[in-house]
**Student:** 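First the structure, which I've put down as structure tokens, then a few questions once you've had a look.
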Amino acid sequence: MSYFNEIRNIQYEGAKSDNPYAFKFYNPSEPINGKTMEEHLRFGVAYWHTFTEDLSDPFGVGTAIRPWDKFSGMDLAKARVEAAFEFFDKLQIPYFCFHDVDIAPEGSNLKESNDNLDVIVAMIKDYMKDSKTKLLWNTVNNFTHPRFVHGAVSSNNADVFAYAAAKVKKGLEVGKELGAENYVFWGGREGYETLLNTNMKLELDNLARFFHMAKEYANEIGFDAQFLIEPKPKEPTSHQYDFDVASGYAFLQNYDLQDTFKFNIEANHATLAGHTFEHELHYARIHNMLGSVDANQGHPLLGWDTDEFPSDLYATTLAMYEILKNGGLGKGGLNFDAKVRRGSFTPEDLFHAHITGMDSFAVGLKTAQRLLDDRVIENIIDERYDSFNHGIGKDIVSGKADFHQLEEHALTLSDITQPSGQLEVIKSKINQYLLTTFA
Ligand code: XLS
Ligand code: NI
Ligand code: NI
């Protein structure tokens, strides 16, 4: 059965096309610096936002019209798989991602939930045989059910720790079964509401114990996916333990987990943490910790995780700049952890949203590659730090200088001359490249 009957395969038609069901800039087979666009971008569909969620918000009920919603229970789960693979094929998207509860309903106990999962996982495996779409990553939802009210593996309740770990055990088995390239840990409830009732040290230690056990089990079953931590500063708890990349990296180093993980960086989480998207990508990149990306954007006027589809070309350009500087994302990809707006409730909107996101990152990719080829930003930065290539700067960098030598040097200085930071020059260049890349 078809759920998107009227829609044909989405093709690249170029910047002048007025077909809303065509890519204007994303041309999967187009080569860019030795790789195709498809290989560079490694797009993924987020199962939860596209097939499971109903678009409700804290003030209103769901609005989504989804043709598969006439079913319920396991029939609904099966219909979603059918719809999903039709959607993936029509979009020609190389990857998808899911949580356990997105694909199969929870039973009344762990055994029942796992049995439900087994049925749907077998069905997905079957569909994957005839599809080019692969699993970028899977994860488990250890945050929605009331048992996680006080946290999952950072709960005060050891039974909850065990339950959460058992769900992840199953998640790792599912990931292996479906050939997931990565496995994601987003610590939904791993944080706290108030210190007044919280043993933070025990919670952090337990979180680390759990990560070590997860890696041990993955090794035991021969699941070699890249483990990814997804930082988020707030929501649902007021303080999340993996606040941002810098604090997440410190946690990993404290608990000797730095070689086990990389980061899955979400744009909207970066801005909630008070950073730019590119800051988080950059911080991870320079520490060799950039693993994958949740490609979305926040709303500049709203202080919560709005998960909009990416359309800001400036942001996609600066993000792709970091990703290209990283030499790509390796096993990672660009997962659209993004949802259509509550008012965009038709099934067709799901296509328009993904087309917009894919085109936006294609523009970012091509523009960033040109900026890099011409060393537009690189040359300015190199020149800006040139004082560290000779004289006292060279001595500082090589470790030769000490406080005596620095004082001696400083005493010789009367006027320190400073060059311009040239921010406006750079911004004008970026605009120029953005507007001429497809001209
Ligand atoms: C929520 C997170 C979540 C993770 C996967 O804010 O972004 O969707 O990506 O659990
Ligand atoms: Ni995410
Ligand atoms: Ni998010």
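Ligands are counted one by one from 1 in listed order, and the atoms in each one are counted from 1 as well. Both backbone and side-chain heavy atoms feed into the values below; hydrogens, waters and symmetry mates do not.
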**Student:** Non-hydrogen atoms closer than 4.0 Å to ligand 1: which protein residues do they belong to? List them by chain and number, please.
**Tutor:**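 For ligand 1, the residues that come within the 4.0 Å heavy-atom cutoff are Trp48, His99, Trp137, Trp186, Glu230, Lys232, Glu266, His269, Asp294, Asp305, Asp337.
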
**Student:** Ring pair (Phe, Tyr, Trp, His ring centres under 6.0 Å) between Tyr127 and Phe88: does it pass, once the steps are laid out?
**Tutor:** CA-CA 11 Å; Tyr127 271 77; Phe88 302 156; 9.8 Å; no

**Student:** Please find out if the Ni ion (ligand 3) and some N, O or S atom of Asp294 are separated by less than 2.8 Å.
**Tutor:**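 No, Asp294 does not qualify, because none of its backbone or side-chain N, O or S atoms lies under 2.8 Å.
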
**Student:** Centroid-to-centroid, Phe185 to Tyr183, below 6.0 Å?
**Tutor:**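 Ring centres of Tyr183 and Phe185 closer than 6.0 Å.
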
**Student:** Report the name of the N/O/S atom of Asp305 located nearest to the Ni ion (ligand 3).
**Tutor:**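 That would be atom OD2.
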
**Student:** Under a 4.0 Å N-O cut-off, is there an ion pair linking Lys78 with Glu82?
**Tutor:**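 The answer is no: the pair does not qualify as a salt bridge.
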
**Student:** So which N/O/S atom does Glu266 have closest to the Ni ion (ligand 3)?
**Tutor:**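 Looking at Glu266, the N, O or S atom with the least distance to the Ni ion (ligand 3) is OE2.
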
**Student:** Is the distance from the Ni ion (ligand 2) to the nearest N/O/S atom of Glu230 under 2.8 Å?
**Tutor:**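 Coordinating: yes.
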
**Student:** Ring centres of Phe361 and Tyr26 under 6.0 Å apart?
**Tutor:**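 Distance test on ring centres: not under 6.0 Å, no.
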
**Student:** Does a side-chain N-to-carboxylate-O contact under 4.0 Å join Asp126 and Lys129?
**Tutor:**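 Salt bridge present between Asp126 and Lys129.
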
**Student:** When Ser292 is tested against each of Leu136, Leu334, Asn335 for side chain to side chain contact (heavy atoms under 4.5 Å, CB included), which residue passes?
**Tutor:**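 Only one of Leu136, Leu334, Asn335 forms a side chain to side chain contact (heavy atoms under 4.5 Å, CB included) with Ser292, namely Leu136.
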
**Student:** Using a strict threshold of under 4.0 Å (side-chain N to carboxylate O), is an ion pair present between Asp349 and Lys339?
**Tutor:**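 Salt bridge: no.
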
**Student:** Give a yes/no verdict on a cation-pi contact between Arg370 and Tyr433, requiring under 6.0 Å between NZ or CZ and the six-membered ring centre and an angle within 45° of the axis.
**Tutor:**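 Yes, a cation-pi geometry holds between Arg370 and Tyr433.
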
**Student:** Of all N/O/S atoms in Asp337, which lies nearest to the Ni ion (ligand 2)?
**Tutor:**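 The Asp337 atom nearest to the Ni ion (ligand 2), restricting to N, O or S, is OD2.
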
